[in-house]
Amino acid sequence: MAKELNPTPSLWNNPRPLRLVGIARLATLGESVETGHNVEFSTIPTRSLLNRCTARNLPFSWTINPYRGCEFACKYCYARYAHEFMEQEPIDFERKIFIKENVAWLLQQELRKVRNGEGIGIGTATDPYQPVERRHQLTRSILEVLARASGHRIGIVTKSNLIVRDIDVFTRIHERNDLRLHLTVTTTDTTLARKLEPRAPRPDLRLEAVRRLRDAGLHAGVLCCPVLPRITDSLENLESVVRAAKQAGANFVSANAVYFSSSSLAVYMPFIREHFPQFATFYEQHFQATEAGRFHQSYVSKEYAERLRARVKALCRKHEILQRDELRELC
């Protein structure tokens, strides 16, 4: 009998009125700037832009996220927990986007905190090139600050071909810093991608962005992340991504299995039951949100992760492209 999915109760299902403090209070102080396509946009006062990353398995020490929330609405997104801090529901992560104030000025003040050898990851909890970036250009303003600095190790992650807009500033950053650009491609199947990542650019557009970045002499690769068991982990799907990355001239490929926060499970499981009911029991049995520190998370088994790693390694060797793990530099 399948185990009942029972994510640990958290802020969004707490009926008691809460006294807003910290980032939740700041979220109420912003100004509404626009609405559209069932999405609300508001500014949010920001005290700090650079955030210290304490995870030991990541190749950077600092993170920058120009926005809170993400319009792409990826069903598996682990970062939905970020809206819990603002007393928002998991679905609000894609419906209420917060535009941070004074990001360029803050980065100018805080960049001195970054020591030699410490990497900076941009876009770790929100896509820095989601549609709102076309209008507000927070990411562009951050890059302009980094273009005037030197000696930094910088990685950027996105699902958007809007990244090619900034080739000119990337070129300047690349001259004085170690820059790595990552385009996420979970599948080359456009129909499947539209289900999983309903508002993100098509996979072929992302791969063309990789090609254009590489043609500009920049270091760019493909992240096949996250890999979803029973949905995108087949040999055919993984090989299609690796092959497409090679054809686009990518420097590397990386693939990691999905992990869930309790917030992401609250959105992902109803999605699975509706669109992939044949896999619902599997996910109910294998993914339970368990407490790990402050957050509630769920991971694939160690055995599954090892099998996936071996499969991707074999595919990379077959198509003569490096895995990101084989690079010593920040990626």
Side-chain angles (χ1 to χ4, degrees), residues 58-60 63-67 69-80 82 93-94 121-131 133 139 154-166 170 179-214 218-229 231-233 237-261 264 268 308 312 315-316 321-325 327 330-331:
L58 296 176
F60 45 80
T63 64
I64 295 176
N65 289 288
Y67 305 95
C70 183
E71 298 174 73
F72 287 158
C74 301
K75 299 305 180 183
Y76 48 73
C77 181
Y78 71 90
R80 293 179 184 274
F93 186 78
E94 66 205 48
I122 301 176
T124 58
T126 182
D127 199 298
Y129 287 101
Q130 60 184 291
E133 170 64 16
T139 299
I154 303 161
I156 300 176
V157 180
T158 182
K159 284 188 175 77
S160 178
N161 58 331
L162 179 59
I163 191 174
V164 300
R165 178 200 65 185
D166 292 335
F170 289 144
L179 178 65
R180 299 289 183 264
L181 306 173
H182 308 70
L183 273 293
T184 299
V185 180
T186 53
T187 179
T188 59
D189 183 334
T190 299
T191 301
L192 179 57
R194 190 59 66 208
K195 286 184 180 180
L196 299 172
E197 307 147 355
R199 299 181 197 154
R202 300 192 316 263
D204 60 303
L205 297 177
R206 304 178 215 172
L207 290 161
E208 177 59 26
V210 173
R211 184 186 306 279
R212 291 183 60 182
L213 293 168
R214 291 292 298 124
L218 299 166
H219 196 107
V222 169
L223 301 184
C224 185
C225 303
V227 175
L228 303 173
I231 298 175
T232 64
D233 66 346
N237 185 79
L238 293 172
E239 182 159 24
S240 178
V241 173
V242 173
R243 183 190 301 113
K246 176 67 175 182
Q247 292 171 349
N251 289 109
F252 60 86
V253 171
S254 180
N256 291 301
V258 69
Y259 77 92
F260 297 106
S261 63
S264 57
Y268 186 75
L308 175 62
V312 174
L315 289 172
C316 287
I321 187 171
L322 287 175
Q323 282 185 281
R324 189 178 63 166
D325 293 345
L327 302 176
L330 168 72
C331 292

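Worth knowing before you read on, the calculation uses all heavy atoms, side chains too, and leaves out hydrogens, waters and symmetry mates. Sequence positions, counted from 1, serve as the residue numbers for this chain.
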Engineer: Are side-chain heavy atoms of Glu94 and Cys77 found at a separation under 4.5 Å?
Structural biologist: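 With C-beta onward as the side chain, the pair stays apart.
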Engineer: Side chains of Cys74 and Leu196: closer than 4.5 Å at any heavy-atom pair?
Structural biologist: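 The answer is no, as the side chains (C-beta and beyond) never meet within the 4.5 Å cut-off.
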Engineer: Do the non-hydrogen side-chain atoms of Thr184 and Val157 ever get within less than 4.5 Å of each other?
Structural biologist: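 Contact flag for Thr184/Val157 side chains = yes.
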Engineer: Using side-chain heavy atoms (C-beta onward) and a distance below 4.5 Å, is Ser264 in contact with Tyr76?
Structural biologist: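 Counting from C-beta outward, Ser264 and Tyr76 never come under 4.5 Å.
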Engineer: Taking only residues two or more places apart in sequence, or in another chain, which ones meet Gln247 in a side-chain contact (heavy atoms from CB on, under 4.5 Å)?
Structural biologist: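 With neighbours one apart ignored, the set is Arg243.
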Engineer: Taking all heavy atoms of His182 and all of Phe252, pick out the closest pair and write down the distance.
Structural biologist: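 Shortest heavy-atom separation between His182 and Phe252 comes out as CD2-CZ, 3.6 Å.
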Engineer: Sequence neighbours excluded, which residues qualify as ring pair (Phe, Tyr, Trp, His ring centres under 6.0 Å) partners of Tyr67?
Structural biologist: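 None.
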Engineer: For a quick check under 3.5 Å, do Thr126 and Asn65 share a side-chain donor-acceptor pair by atom type?
Structural biologist: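 Result is no, nothing qualifies.
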Engineer: Is the ring pair Phe170/Tyr129 parallel, tilted or perpendicular, if the boundaries are 30 and 60 degrees?
Structural biologist: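 It falls in the perpendicular class, over 60°.
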Engineer: Which atom names give the shortest non-hydrogen contact between Gly221 and Ala250, and what distance separates them?
Structural biologist: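 In this case the closest contact between Gly221 and Ala250 is CA-CB, 4.0 Å.
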Engineer: Can you check whether Lys159's main-chain N or O pairs, donor with acceptor, with Asp127's side chain at less than 3.5 Å?
Structural biologist: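 Present.
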Engineer: Does any non-hydrogen side-chain atom of Thr186 lie less than 4.5 Å from one of Pro226?
Structural biologist: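 The answer is yes, as the side chains (C-beta and beyond) meet within the 4.5 Å cut-off.
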Engineer: Taking C-beta and beyond as the side chain, do Val258 and Thr232 meet within less than 4.5 Å on heavy atoms?
Structural biologist: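 No; the side chains remain at least 4.5 Å from each other.
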Engineer: Nearest 0.5 angstrom please: Ile156 CD1 to Arg180 CZ, how far?
Structural biologist: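 The CD1 atom of Ile156 sits 12.0 Å away from the CZ atom of Arg180.
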Engineer: Kindly indicate whether the side chain of Val312, heavy atoms from C-beta on, has any atom under 4.5 Å from the side chain of Gln323.
Structural biologist: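 In short, these two side chains touch, coming nearer than 4.5 Å.
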Engineer: Please report the C-alpha distance between Arg194 and Arg202 in whole Å, then the side-chain angles of each, then the deciding distance to 0.1 Å, and finally whether the side chain to side chain contact (heavy atoms under 4.5 Å, CB included) criterion is met.
Structural biologist: CA-CA 8 Å; Arg194 190 59 66 208; Arg202 300 192 316 263; 3.4 Å; yes
Engineer: Could you give the distance from CD1 (Ile321) to CG (Leu315), rounded to the nearest 0.5 Å?
Structural biologist: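 One finds 11.0 Å between CD1 of Ile321 and CG of Leu315.
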Engineer: Hey, what do you get for CD1 (Ile64) to CD1 (Ile154), rounding to the nearest 0.5 Å?
Structural biologist: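 Reported value, rounded in 0.5 Å steps: 8.0 Å.
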Engineer: Roughly how far, to the nearest 0.5 Å, is the CG atom of Leu207 from the NZ atom of Lys246?
Structural biologist: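 If we round to the nearest 0.5 Å, Lys246:NZ and Leu207:CG are 14.5 Å apart.
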Engineer: What are the two closest heavy atoms between Leu308 and Ala257, and how far apart are they?
Structural biologist: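 That would be CD2-N, 3.6 Å.
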Engineer: Nearest 0.5 Å, what's the CD1-CZ distance between Ile163 and Arg206?
Structural biologist: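 If I round to the nearest 0.5 Å, the distance is 12.5 Å.
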Engineer: Could you tell me the separation between the CG atom of Leu205 and the CG atom of Leu183, rounded to the nearest 0.5 Å?
Structural biologist: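 So the CG of Leu205 and the CG of Leu183 are separated by 10.5 Å.
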Engineer: Phe72 and Ser160: side chain to side chain contact (heavy atoms under 4.5 Å, CB included), yes or no, with the steps?
Structural biologist: CA-CA 9 Å; Phe72 287 158; Ser160 178; 3.9 Å; yes
Engineer: Give me the atom names and distance for the closest heavy-atom approach of Pro128 to Thr139.
Structural biologist: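 So the minimum-distance heavy-atom pair works out to O-OG1, 2.6 Å.
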Engineer: If you take all heavy atoms of Ala79 and Ala125, which pair is closest and at what distance?
Structural biologist: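 Taking Ala79 first and Ala125 second, the nearest heavy atoms are CB-O, 3.4 Å.
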Engineer: Could you report the tightest heavy-atom contact between Arg214 and Ala248, atom names first, then the distance?
Structural biologist: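 For Arg214 and Ala248, the tightest heavy-atom pair comes out as CG-O, 4.4 Å.
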Engineer: With distance as the sole test, does Glu71 use its side chain to make a donor-acceptor pair with the main-chain N or O of Gln130 at under 3.5 Å?
Structural biologist: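 Answer holds: no.
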Engineer: Would you say that Ser240 contacts Thr187 through its side chain, given a criterion of any heavy-atom pair below 4.5 Å between the two side chains?
Structural biologist: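 Of all side-chain heavy-atom pairs linking Thr187 with Ser240, none is under 4.5 Å.
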